[in-house]
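Here's the structure we're looking at; comments come further down.
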Amino acid sequence: MPQPAKYQEPRWHAMIALFAVGGLRLALPHELSVGPDWLMLVVVGVLITVYALVRRFAKEKVATFLGYLLVSIVTADMTWSLCMLVAGLPSHKQSSLDLLRSAAALWITNILVFASWYWRLDAGGPSAREQRGVHTDGAFLFPQMTLNKETKVLMGEDRWSPGFIDYLFLAFNTSTAFSPTDSPVLSRWAKVLMMVQSLISFATVALLAARAINIL
């Protein structure tokens, strides 16, 4: 049986990000949402509360399942909203202001959702990274991983492991530059996810924003 990890990776960053996704749904027009505007915020809030309680009682496998379920739900909801927004462009039913607000909300949601996936999938997820104690292998080559042992010790990075903020920075760069910046991608699943994220970002920023200001 694995021993308890000496270092506990903070989960609250990821929980706040997912709660923010639920809040951003309130910025979308009703026709882009499934059910009431507040539904996603309530679902995310309930699942986060259950997740926190389960982890408190050391039920890590159940907590991991709930984590995947939560990210999957917000991903499906974001995909539906994006598809409805793109499908409704030819009808010109929404005002330019509504389209810009929707595009901005979905663009930010895209960053938060994919940051959550990277954080949850890389190197087995936060629990697996905790057990190893130090991050030496994963889907992304973070700069700290390229330092030699002596330099890591001098910089105090000899026990370094990525947290949610590192994956959020990676996701932000992917949505703005359409490519990774400081962290090369090593695994195929990560490359696929980053391509999907870049495509969504391009659609919301280029296509939808252009339509909203009557360029198209």
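The line from CE of M84 to OG of S102 is 13.0 Å long, rounded to the nearest 0.5 Å. In this structure, CG on L24 lies 4.0 Å from OG1 on T109, to the nearest 0.5 angstrom. Atoms CG and CG, from D166 and D182 in turn, are 9.0 Å apart once rounded to the nearest 0.5 Å. In this structure, OG1 in T49 is found 11.5 Å from CG in L66, a value given to the nearest 0.5 Å. Put simply, OH on Y167 and OG on S116 are 12.0 Å apart, with the number rounded to the nearest 0.5 Å. Between M145 atom CE and S183 atom OG the span is 9.0 Å, to the nearest 0.5 Å.
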Open item on the list: Go through it in stages, so that I can follow the logic: the residues are W160 and V134, the test is side chain to side chain contact (heavy atoms under 4.5 Å, CB included), and I'd like the CA-CA distance, side-chain angles, deciding distance and then a yes or no.
Closed with: CA-CA 5 Å; W160 181 86; V134 60; 5.6 Å; no
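The residue from L18, V21, D77 that alone fulfils the side chain to side chain contact (heavy atoms under 4.5 Å, CB included) condition with V44 is L18.
You'll find the side chain of W12 stays beyond 4.5 Å of the side chain of I48, heavy atoms only. Contact of the R25 side chain with the L39 side chain is registered, since non-hydrogen atoms from C-beta on lie closer than 4.5 Å. Counting heavy atoms from C-beta on, the side chains of L112 and F19 never come closer than 4.5 Å. Side-chain contact check for N110 versus L106: every heavy-atom pair is 4.5 Å or farther apart. Looking at R11 and W119, their side chains come closer than 4.5 Å, going by heavy atoms from C-beta outward. Residues Q197 and W117 fail the side-chain proximity criterion, which asks for heavy atoms closer than 4.5 Å. V34 has its side chain out of reach of M40: every pair of non-hydrogen atoms, C-beta onward, lies at least 4.5 Å apart. T174 places none of its side-chain heavy atoms less than 4.5 Å from the side chain of F114.
Looking at R129, its side chain does come within 3.5 Å of a backbone N or O of D122 through a donor-acceptor pair. No side-chain donor-acceptor contact under 3.5 Å links S198 to the backbone of M195. Within the 3.5 Å criterion, the main-chain N or O of F169 finds a donor-acceptor partner in the side chain of N173. Panel note: side chain E9, backbone E130; no donor-acceptor pair is recorded below 3.5 Å. D37 places no side-chain N or O within 3.5 Å of a backbone atom of L26 that could act as its donor or acceptor partner. A donor-acceptor contact shorter than 3.5 Å links the side chain of T204 to the backbone of S201. One N or O on the side chain of R132 and one on the backbone of A123 form a donor-acceptor pair closer than 3.5 Å.
Under the 4.5 Å side-chain heavy-atom criterion for grouping Ile, Leu, Val, Met, Phe, Trp and Tyr, L199 is not connected to V113 through any hydrophobic cluster. Under the 4.5 Å side-chain heavy-atom criterion for Ile, Leu, Val, Met, Phe, Trp and Tyr, I16 and I73 are members of distinct hydrophobic clusters. Residues V153 and L147 do not share a hydrophobic cluster, clusters being chains of Ile/Leu/Val/Met/Phe/Trp/Tyr side chains in contact below 4.5 Å.
Surrounding CG of N148 are more than 12 heavy atoms belonging to other residues, nucleotides or ligands, all under 6.0 Å away.
The aromatic rings of H135 and F142 sit perpendicular, their planes meeting at an angle over 60°, well past the 30° parallel limit.
A139 approaches W189 most closely through the heavy-atom pair CB-CZ2, 3.4 Å. Closest approach of V71 and V74 over heavy atoms only: O-CG2, 3.1 Å. The two residues Y118 and L170 make their nearest non-hydrogen contact at CD1-CD2, 4.1 Å. Across L28 and S33, no two heavy atoms sit closer than the pair CB-OG, 4.2 Å. Looking at every heavy atom in both residues, A171 comes nearest to I111 through CB-O, 3.5 Å.
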